[in-house]
Amino acid sequence: MYSEQQIVEINFLCVHKKLRQKRLAPVLIKEITRRVNLFEIFQAVYTAGCYLPKPLCTSRYYHRNLNPKKLIDVGFSYLPRDTTMARQIKNYQVPKETFIKGFRKMEMKDCKQVLKLLNDYFKMKNLEFYPVFTLGDIKHWFLPIENVVYTYVVENPKTHLIDQFVSFYNLPSSIIKHPVHKILNAAYLFYYVPKKFDENESPREGEEDISIWEGKYLKELMKDALISAKLADFDVFNCLDILDNHLFLDELKFGRGDGSLHYYMYNYRCRNVLPEKLGLVML
Ligand SMILES: CC(C)(COP(=O)(O)OP(=O)(O)OC[C@H]1O[C@@H](n2cnc3c(N)ncnc32)[C@H](O)[C@@H]1OP(=O)(O)O)[C@@H](O)C(=O)NCCC(=O)NCCS
């Protein structure tokens, strides 16, 4: 049964390294709970790399190498025995320009269209757990800010309407004890809406399966996201295996990571959700 509920999303729980294992995390959790309750909100969703009882969903991280030499130098990835650095660089090269006509940075004037696009997309996908955005959310989370969030829309050249969008955010990691490299520039895939299946455009015979077309459109959009991330000097592009991400991971050369991300709900009993039925992007 479909139900919509106001809940909070908790992210970035962090205790200073020197203060760990002193049970400060439960104090922080109690205090944030008190503050959230004051707004008459009693449920939350949160994620963690560690296993706590009991996840709503467990998803896996995937990584698309954009800078093989640096990733190998710093030990994020390794050079397979049967290849050379030159071949590895060639393998992960991306084009210098995006492909999709009308692909451009999102602007303030696009917010209303992006709101409708995203909320309609989630409804149409038959997901089991997903956020419902407000116009305020769209402005806050998606309007591009250099070094924070990168959002691109596709303005249809004929209608001038926005019919696709893709977004990723910047979360750099410190590289400890490396003589040259201090920062790993990592982009994380955020929300997206690919082009809708258009009956007029697709030849019918042998291609009746709409999901093939959806996968094709999503791959094209993600390819342009990777190119944009490379142009913005990111070393790696990360994503989870939630939503329809499984449709592009192999073809666009994402590698399966070691890390999982567990999703949890606070004060809400809910059955397990498969990653492809989950629409909530968190860290
Ligand atoms: C996650 C973090 C705050 C936990 O702090 P800590 O000093 O290791 O743990 P504390 O001694 O303060 O607290 C331990 C309790 O917190 C719980 N806990 C640990 N991590 C948790 C998490 N991510 N969410 C909720 N509870 C958590 C433990 O289960 C334990 O409770 P229990 O004894 O009832 O099982 C700390 O390890 C950290 O800052 N890590 C880096 C950031 C991070 O990974 N954040 C996770 C969310 S993205």
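All heavy atoms count here, side chains included; hydrogens, waters and symmetry mates do not. Each ligand, and each atom within it, is numbered from 1 in the order the structure gives.
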*asked:* Check this for me - ligand 1, Arg20, N or O atoms closer than 3.5 angstrom, yes or no?
replied: yes
*asked:* Would Phe12 count as being in polar contact with ligand 1, using the rule that some N or O on each side must be under 3.5 angstrom apart?
replied: no
_Can you classify the ring geometry of Phe237 versus Phe168 as parallel (below 30°), tilted (30 to 60°) or perpendicular (above 60°)?_
perpendicular
_Nearest option to atom 12 (O) of ligand 1, as decided by whichever heavy atom of Ala25, Cys50, Gly49 sits closest_ = Ala25
_Separation of Leu135 CG from Lys112 NZ (nearest 0.5 Å)_ = 6.5 Å
*Taking heavy atoms and a distance under 4.0 Å, where does Asn11 meet ligand 1: side chain, backbone, both or neither?*
neither
*Given Arg23, Lys22, Gln21, which has its nearest heavy atom closest to atom 31 (O) of ligand 1?*
Arg23
*Would you say Val15 has any N or O atom under 3.5 Å from an N or O of ligand 1, going by distance alone?*
yes
*Among Phe142, Tyr191, Tyr121, which residue meets the ring pair (Phe, Tyr, Trp, His ring centres under 6.0 Å) test with Phe165?*
Phe142
*Any protein heavy atom lying closer than 4.0 Å to atom 29 (O) of ligand 1?*
yes
*Using non-hydrogen atoms of the residue, decide whether Leu283 is closer than 4.0 angstrom to ligand 1.*
no
*Among all protein non-hydrogen atoms, which one is nearest to atom 42 (C) of ligand 1, and what is the separation to 0.1 Å?*
Leu13 O, 3.5 Å
*Any Ile29 heavy atom less than 4.0 Å from ligand 1*: yes
_Asp241 and Arg256 ion-paired at < 4.0 Å_ = no
*Is atom 25 (C) of ligand 1 in close reach of the protein, with a heavy atom under 4.0 Å away?*
yes
_Evaluate Phe254 against Phe248 for ring-ring contact (aromatic ring centres under 6.0 Å, His included), listing each step before the verdict._
CA-CA 8 Å; Phe254 280 77; Phe248 63 77; 5.5 Å; yes
